[in-house]
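In this text, all values refer to a predicted model and were calculated from it rather than measured experimentally.
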Amino acid sequence: MASFPLADEAATEALAGRAARRLDRGSAPLVVYLEGDLGAGKTSFARGMLRALGETGPVRSPTYGLLSEYETPAGRVVHIDLYRLRSPAELSALGLADHLPGSLLWLVEWPEKGRGGLMPSADAVLRLEVEGSGRRLDGRALTPAGASWLAALCADCG
């Protein structure tokens, strides 16, 4: 488990930038679940990662379309927001299996809404919570790839 205090949105995006720079670009896509209440900073974290990977266009939560795909200079990033998903069965319409090969990173907001569906398993879960006037991010690895990524991020921040 890794824990990071975040004073504000800029701190969230800065940590996300460091996380993006620690991605292993030679392996299978890293699947990161972003958990937390509305306004906790999930989209800010995703935006910070995408900016660090070279995305220059708008980065918004794909709440209505559920999925946005970015072809960054570093590789393809899939950003999913399942907040408006009515049932896990709706995931089949997204064709998720078509997006996985060749991707560098998957960022999944509200993953709990897709449980029992076709979501790929997470390598790491990042939980963002409001803490006082700031936020806190707690990271938990679920696979060796997730553990390696979080360990590199912790080494970078320490």
### Message
Using modelled atom types and a 3.5 Å cut-off, is there a donor and acceptor pairing between side-chain atoms of Arg21 and backbone atoms of Gly17?
### Response
yes
### Identified side chain to side chain contact (heavy atoms under 4.5 Å, CB included) counterpart of Leu23 within the set Val77, Leu30, Leu153
Leu30
#### Entry: Minimum heavy-atom distance between Thr143 and Ala122, given as atom pair plus value
CG2-O, 3.8 Å
### Query
Would a distance-only check, ignoring hydrogens and angles, find a side-chain to backbone donor-acceptor pair under 3.5 Å from Trp149 to Asp24?
no
### Message
So which atom in Ala124 and which in Gly146 form the shortest heavy-atom distance, rounded to 0.1 Å?
### Response
CB-CA, 4.4 Å
### Message
Applying side-chain hydrogen bond (donor to acceptor under 3.5 Å, both in side chains) as the test, list every pair that has at least one member in residues 28-39; sequence neighbours left out.
### Response
none
### Query
Taking the side chain as C-beta and beyond, is there a heavy-atom pair between Trp110 and Leu38 under 4.5 Å?
yes
### Under 3.5 Å: donor-acceptor pair, side chain of Arg135, backbone of Ala40
yes
### Message
Are Arg47 and Glu9 packed together at the side-chain level, in the sense that at least one heavy-atom pair is separated by less than 4.5 angstrom?
### Response
yes
### Ser3 versus Arg136, closest heavy-atom pair with distance
OG-CD, 3.4 Å
### Lys/Arg N to Asp/Glu carboxylate O, Asp138 vs Arg140, below 4.0 Å
no
### Query
If you round to the nearest 0.5 Å, how far is CG of Leu50 from CD of Glu13?
10.5 Å
#### Entry: For Glu55 against Val59, the heavy-atom pair lying closest together
CG-CG2, 3.9 Å
### Nearest-0.5 Å distance that lies between atom CZ in Arg51 and atom OG1 in Thr56
7.0 Å
### Query
Going through the distances and angles, do Leu104 and Tyr70 end up as a side-chain contact (heavy atoms from CB on, under 4.5 Å)?
CA-CA 10 Å; Leu104 170 67; Tyr70 299 89; over 6 Å; no
### Connected via hydrophobic side-chain network under 4.5 Å: Tyr83 and Val108
yes
## Note on the structure
d(Leu34 CG, His79 NE2) to nearest 0.5 Å is 6.5 Å
### Query
How about Leu150 and Leu126: do any of their side-chain heavy atoms sit closer than 4.5 Å?
yes
### Task
Taking all non-hydrogen atoms of both residues into account, name the closest pair between Ser44 and Thr12 and its distance.
CB-CG2, 4.1 Å
### Task
Ignoring hydrogens and angles, tell me if any N or O in the side chain of Asp123 forms a donor-acceptor pair with the backbone of Val31 under 3.5 Å.
yes
### Message
Restricting to non-hydrogen atoms, name the atom on Ala11 and the atom on Leu6 that form the minimum distance, rounded to 0.1 Å.
### Response
O-CD2, 3.7 Å
### Query
How many angstroms lie between atom CG of Leu53 and atom CG of Leu105, to the nearest 0.5 angstrom?
6.5 Å
